Protein chains: 2
Amino acid sequence: MLSADPDPIVLPEEPAQARRFGKTRDAQSHALLEDYAELIADLLATGGEARPTDIARRLGVSHATAIKAIARLKREGLATARPYRGVFLTEAGETLAARVRARHRVVVDLLRAVGVPAEAAEQDAEGMEHHVSDATLAAFSRFLAGR
Amino acid sequence: MLSADPDPIVLPEEPAQARRFGKTRDAQSHALLEDYAELIADLLATGGEARPTDIARRLGVSHATAIKAIARLKREGLATARPYRGVFLTEAGETLAARVRARHRVVVDLLRAVGVPAEAAEQDAEGMEHHVSDATLAAFSRFLAGR
DNA sequence: CATGAAGTGTAGCCACGGCTACATTTTCAT
DNA sequence: ATGAAAATGTAGCCGTGGCTACACTTCATG
């Protein structure tokens, strides 16, 4: 990918807005993987195994879609799986899942703390959490601690 | 044996998680349109006209990408544009843009209020705002008002 | 132990949102 | 008025993330 870009065109005056949008797009591209990793960790922790069909059902997608996503997880070095056997997380996958789970909790707690109803907090956190930077996450934690 | 469960398909128990993920995917699919609508409204308000190239520059994408997105805006009834003339918003587009702008402001204010640094607040709001439901938005407003 | 159901995998389709390359139209300066 | 530059539009590619349809394993169970 991105091989031999002869002239990276440094854009001396890249608008701040453009940079922000770019980052937002990046975050979005990782969101799915994060969700899968978190769910797989959850399934492994509770049920003992993570099968593509279980994953698909929990995510509300077809099993084919889940399998394609799992393939991508493998490509990214986050999961391992052998045909007709369950899915497992690599070290990196575990780490990611733990981070995602922790962040999810903080986001939900923050929402609840500022008065968002439980149902909405769960729903909205699902989408928002992938865009919460470390700085923001830290601020959320501070706010929750010192209130 | 089959007389026991004649309708195994009905899925009365769609996992709450599946529903949440589905909604999150929906929100994501509208996010781009919202960004474009908001930006076009901004350009029309300040500069007087919204040209594809301006839009592309502000968003950090190629002009071809911007033009494709504009085509989608037109398809969705949010914008109008004639070849080689500028882009304009329909009534629906204006309404959407106004709503998006207001929501963006509230989200940034909320983040600032709980201690998120300005830079991170702007950045993160860009991605988060598309997942903020009305209920959450209302809660944010209440929190900001009564603090 | 055979067979069928459930789970798994593969192939191929679609829409989206990126991109580059090329063609066309407008605009603007000389 | 013309010709070059800029803007615009079109075509075609890629990867992602959905889907359905079909093929193949696994595994329980009769």
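Only a predicted model underlies this, so the values are computations on that prediction, with no experimental measurement involved. Throughout, protein chains are lettered first and strands after them, A, B, ... in sequence-line order, and every chain is numbered starting at 1.
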Within less than 4.0 Å of OP1 or OP2 of [N], is there a side-chain N or O belonging to [X]?
| X | N | value |
| --- | --- | --- |
| B/R75 | C/dC16 | yes |
| B/R85 | C/dT27 | yes |
| A/S62 | D/dG18 | no |
| A/T65 | D/dG17 | no |

query: Base, sugar-phosphate, or nothing for B/T53, non-hydrogen atoms under 4.0 angstrom?
result: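 Touches sugar-phosphate only.
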task: Assign A/A64 to base, sugar-phosphate, or nothing according to its heavy-atom contacts below 4.0 angstrom with the strands shown.
output: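 Answer is base: heavy atoms of A/A64 come under 4.0 Å of a base.
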task: Please indicate whether B/K23 has more than 12 foreign heavy atoms, meaning atoms of other residues, nucleotides or ligands, lying under 6.0 Å from its NZ.
output: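 At most 12 heavy atoms, drawn from other residues, nucleotides or ligands, come within 6.0 Å of this atom.
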Could you tell me how far apart [X] ([atom1]) and [N] ([atom2]) are, to the nearest whole angstrom?
| X | N | atom1 | atom2 | answer |
| --- | --- | --- | --- | --- |
| B/K68 | D/dG15 | NZ | C1' | 12 Å |
| B/I70 | D/dA7 | CD1 | P | 14 Å |
| B/R72 | C/dG18 | CZ | C1' | 13 Å |
| B/H63 | D/dA11 | NE2 | P | 13 Å |
| A/L33 | D/dG15 | CG | P | 16 Å |
| A/D54 | C/dG7 | CG | P | 8 Å |
| A/R51 | C/dA6 | CZ | C1' | 8 Å |
| B/L59 | C/dG18 | CG | C1' | 12 Å |

Looking only at side-chain atoms of [X], point me to the closest of [options].
| X | options | answer |
| --- | --- | --- |
| B/L32 | C/dT10, C/dC19, C/dG17 | C/dG17 |
| B/P52 | D/dT8, D/dA21, D/dC19 | D/dT8 |
| B/Y84 | D/dG18, C/dG17, C/dT25 | C/dT25 |
| A/R57 | D/dG9, C/dG7, C/dG18 | C/dG7 |

- request: Would you kindly compare A/H30 and A/P83 by the position of their nearest DNA chain D nucleotide and give the one closer to the 5′ end?
  value: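 In this pair, the answer is A/H30.
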message: Nearest 0.5 Å, please: how far is CZ in B/F88 from CD in B/E94?
response: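 Answer rounded to 0.5 Å: 11.0 Å.
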Between [X] and [Y], is any pair of side-chain heavy atoms under 4.5 Å apart?
| X | Y | result |
| --- | --- | --- |
| A/E126 | A/H104 | yes |
| B/E129 | B/E38 | yes |
| A/I40 | A/L73 | yes |

